[in-house]
Amino acid sequence: GGNGNGNGLQRFSFLPFGRAYKEGPDKEQWSGEVAAVPRRYGPPWMKPAPLTDSVDKLRAGEHVGSWSRALKGKMSRDQEENRAKYIGCYLDSNKQRALRGTAFFDYRKMTIFRCQDNCAERGYQYAGLEFGAECYCGHRIQTVNTSDTECSMECKGEKTSTCGGPNRLSVYRLELARGSSARRYGSALFRGCFKRPDNVSLALHATTVLLNMSVDRCVDHCTEKEYTLAVLGGGTCRCGFPTMHFTLHEPEDEHLCAYKCAGEEYEQCGNAEYYVVYQTQVQDNRCLDRRFLPVRAKHLVALASFPGAGNTWGRHLMELTTGYYTGSYYFDGSLYNKGFKGERDHWKSGRLLCIKTHESGKKEIESFDAAILLIRNPYKALMAEFNRKYGGHIGFASEAHWKGREWPEFVRNYAPWWASHTLDWLRYGRRVLVVHYEDLKHDLFNQLKKMVAALGLAVSDDRLLCVESQKDGNFKRSGLRKLEYDPYTAEMRKVIGVLVKTVDVALKLRNLTGVPEDYAPR
């Protein structure tokens with residue numbers, strides 16, 4: 001990162017703040033400069049495309065991708081572009097379940113995709129449907145298969161498809177997105193294989209020996225005790241939190257943990273020297289507190305990015321890291337409902353850590369005193385913004401949009417903007433700290449430390465480790481719906497390649513790190 005003028009910014013140096021800020025009336029009643037500036041709802045290109053189908057409210061217990069309702073017609077067994085593959089009809093009963101993970105029922109609207117999406121969201125490898133309305137998830141099938149003719153019941157939410165039968169399960173193997181780094185075991189997230197810490201009793205507070213040790217047993221034990229980490233070491237289950245005594249920053253080769261669990265031969269439980277670590281669903285409370293700034297900010301700081309470059313994720317990380325709300329140049333009610341309480345504050349209220357903006361151009365940029373400029377690979381940013389435009393913040397555009405005229409037109413209009421956005425901020429921004437999305441993703445701990453230091457704030461290492469464990473928030477798209485083909489034509493790649501080189505040169509002329517290597521044309 002660095003200064004737009006080439007001086008290598010290390011710190012913005014305008015926090016702590018100026019005069020004390022006192023809680024006043026609601027923002028609608030504020031007077032002076034703040035009230036005089038009209039609320040921005042975003043330029044026309046930020047508005048999401050209208051959905052062709054109405055979106056009903058979900059019933060309690062339903063889990064469904066935001067755009068799955070738009071799917072129409074027959075969903076065959078080889079549907080969804082091979083993202084899930086039908087593998088057969090299997091025996092199932094209350095005494096002997098074929099899939100032993102999460103179960104989910106919907107006796108009115110069950111569909112094949114709804115079941116697949118529910119299981120994929122939780123990281124399971126298999127999804128099975130039974131009795132037209134029941135969905136089961138699991139990591140392996142534990143009964144034998146039978147004739148496909150025995151799985152013949154219609155799906156309750158899709159009469160043209162079959163969803164198992166009485167005590168019969170239609171099973172699909174889920175083809176999750178290639179390159180997905182998140183690996184789950186049911187509700188637990190696999191963090192890796194790690195060497196035993198030097199002072200294990202200080203690093204991991206709770207220790208117990210479990211008979212018939214398995215991943216489920218240890219995860220359930222640590223979840224019950226309200227710890228975020230379940231650590232398996234042979235027959236010993238340890239529980240704790242990420243700390244500087246056990247950071248999870250140095251994973252070992254997984255073969256060092258390849259020792260079978262006593263209670264489950266298909267699982268790995270590590271040994272006395274190398275631990276298998278899972279993250280439970282228990283929330284780490286060390287970084288969840290958030291509030292408005294206690295004193296009014298003397299300067300306005302932008303969190304600037306091209307659309308699709310991870311601005312919402314950046315806000316989530318900054319709020320967790322500092323404990324202060326961020327704001328927006330626009331207003332998005334859906335983000336307010338997801339916990340971004342600064343969304344309803346005016347962007348010049350002085351109560352907010354930084355302000356989300358996608359604006360470019362001299363006038364808009366010069367209204368800020370400093371900026372954190374988040375840059376992302378244009379190929380990924382364009383696809384992310386296209387998904388947002390047609391599917392919402394965590395939804396997906398449909399295949400019809402990708403293969404229709406919308407996608408080429410979108411690339412033609414937006415790709416040049418990706419470059420001009422960065423060039424404008426480098427040219428007109430007063431104090432600009434450049435952060436590459438990819439660096440933030442791969443080195444979260446140190447990148448966040450740099451961003452917070454630039455704001456003049458101090459944050460504990462334990463809080464940063466907490467942020468690492470909560471980093472995704474509710475803003476990550478599940479793997480099942482990602483495209484399995486490259487939507488960029490050779491002509492598109494040629495144009496984007498020139499834009500990438502332009503931005504790379506502009507960064508290097510300011511003594512900044514150029515764009516990461518994976519920005520190069522594919």
Side-chain angles (χ1 to χ4, degrees), residues 40-52 66-67 70 81 177 304-314 329-330 332 356-365 373-429 434 436-438 477 481-507 514-522:
R40 290 296 299 266
Y41 285 86
W45 51 266
M46 282 289 295
K47 294 179 181 178
L51 295 175
T52 56
S66 62
W67 68 286
E81 299 166 20
S305 74
F306 177 77
N311 201 304
T312 300
W313 183 53
Y329 194 64
Y330 320 105
D332 188 331
K356 166 186 176 176
T357 179
H358 299 308
E359 299 296 313
S360 54
K362 185 174 186 292
K363 181 180 177 181
E364 288 78 8
I365 292 172
L373 177 59
L374 193 58
I375 305 175
R376 187 182 186 185
N377 182 323
Y379 294 100
K380 301 291 181 63
L382 289 167
M383 291 176 69
E385 176 57 12
F386 190 72
N387 275 321
R388 186 207 66 81
K389 189 172 182 179
Y390 289 98
H393 278 284
I394 56 173
F396 291 88
S398 69
E399 181 182 352
H401 289 129
W402 288 105
K403 294 188 174 180
R405 60 182 176 82
E406 293 92 342
W407 171 242
E409 184 177 322
F410 178 87
V411 173
R412 186 165 56 252
N413 292 332
Y414 276 63
W417 200 341
W418 173 85
S420 64
H421 182 276
T422 294
L423 298 177
D424 280 358
W425 277 94
L426 292 177
R427 181 178 180 183
Y428 301 120
V434 173
H436 291 285
Y437 173 93
E438 292 74 20
R477 294 176 172 88
R481 276 287 177 171
K482 289 184 180 177
L483 284 182
E484 296 297 328
Y485 63 91
D486 186 349
Y488 291 99
T489 65
E491 182 182 356
M492 291 176 183
R493 288 195 293 270
K494 183 178 179 181
V495 171
I496 294 172
V498 172
L499 297 172
V500 168
K501 290 178 182 177
T502 302
V503 170
D504 186 60
V505 169
L507 289 169
V515 300
E517 289 184 5
D518 66 355
Y519 284 29
R522 297 182 295 173

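The first residue in the sequence is number 1, and the count goes up from there.
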Is there side-chain contact between [X] and [Y], with at least one heavy-atom pair below 4.5 Å?
X	Y	result
Y329	E364	yes
K403	P487	no
W418	L423	no

Sequence neighbours left out, what passes side chain to side chain contact (heavy atoms under 4.5 Å, CB included) with [X]? Give chain and number order.
X	value
S420	W417
L382	F306, W407, F410, Y414, A415, Y488, I496
P416	none
K363	none

What distance separates [X] [atom1] from [Y] [atom2], expressed to the nearest 0.5 Å?
X	Y	atom1	atom2	value
H358	H421	NE2	NE2	7.5 Å
W425	L373	CH2	CG	7.5 Å
R427	I365	CZ	CD1	10.0 Å

Please assess L426 against V434 for the test side-chain contact (heavy atoms from CB on, under 4.5 Å), listing each intermediate value before the final yes or no.
CA-CA 9 Å; L426 292 177; V434 173; 4.1 Å; yes
Restricting to side chain to side chain donor-acceptor pair (under 3.5 Å), what partner residues turn up for D424, sequence neighbours left out?
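By the side chain to side chain donor-acceptor pair (under 3.5 Å) rule, D424 matches no residue at all.
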Candidates V503, L499, I375 - the one meeting side-chain contact (heavy atoms from CB on, under 4.5 Å) with Y519
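Among V503, L499, I375, the one meeting side-chain contact (heavy atoms from CB on, under 4.5 Å) with Y519 is I375.
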Indicate yes or no for a side-chain donor-acceptor contact from N377 to the backbone of D518 under 3.5 Å, with no hydrogens or angles considered.
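Here the side-chain-to-backbone pair exists.
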Main-chain N/O of H436 paired to R376 side chain as donor or acceptor, under 3.5 Å
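Checking the backbone N and O of H436 against the side chain of R376, no donor-acceptor pair under 3.5 Å is found.
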For [X] and [Y], work out which heavy atoms get closest and say how close.
X	Y	answer
N311	S305	ND2-OG, 3.1 Å
G361	Y428	C-CD1, 4.3 Å
D504	G514	OD1-CA, 3.1 Å

In terms of side-chain geometry, is the basic nitrogen of E385 or R388 positioned less than 4.0 Å from the acidic oxygen of its partner?
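Salt bridge flag = yes for R388 with E385.
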Evaluate side-chain contact (heavy atoms from CB on, under 4.5 Å) for K501 paired with V515, printing each intermediate quantity in order.
CA-CA 9 Å; K501 290 178 182 177; V515 300; over 6 Å; no
Residue pair K494, T489: steps toward the side-chain contact (heavy atoms from CB on, under 4.5 Å) verdict
CA-CA 9 Å; K494 183 178 179 181; T489 65; over 6 Å; no
Verify side-chain contact (heavy atoms from CB on, under 4.5 Å) between Y379 and V411, making sure each step is shown before the conclusion.
CA-CA 10 Å; Y379 294 100; V411 173; over 6 Å; no
Sequence neighbours excluded, every pair satisfying salt bridge (Lys or Arg N to Asp or Glu O under 4.0 Å) that has a member inside residues 406-416:
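Salt bridge (Lys or Arg N to Asp or Glu O under 4.0 Å) check on residues 406-416 returns R405-E409.
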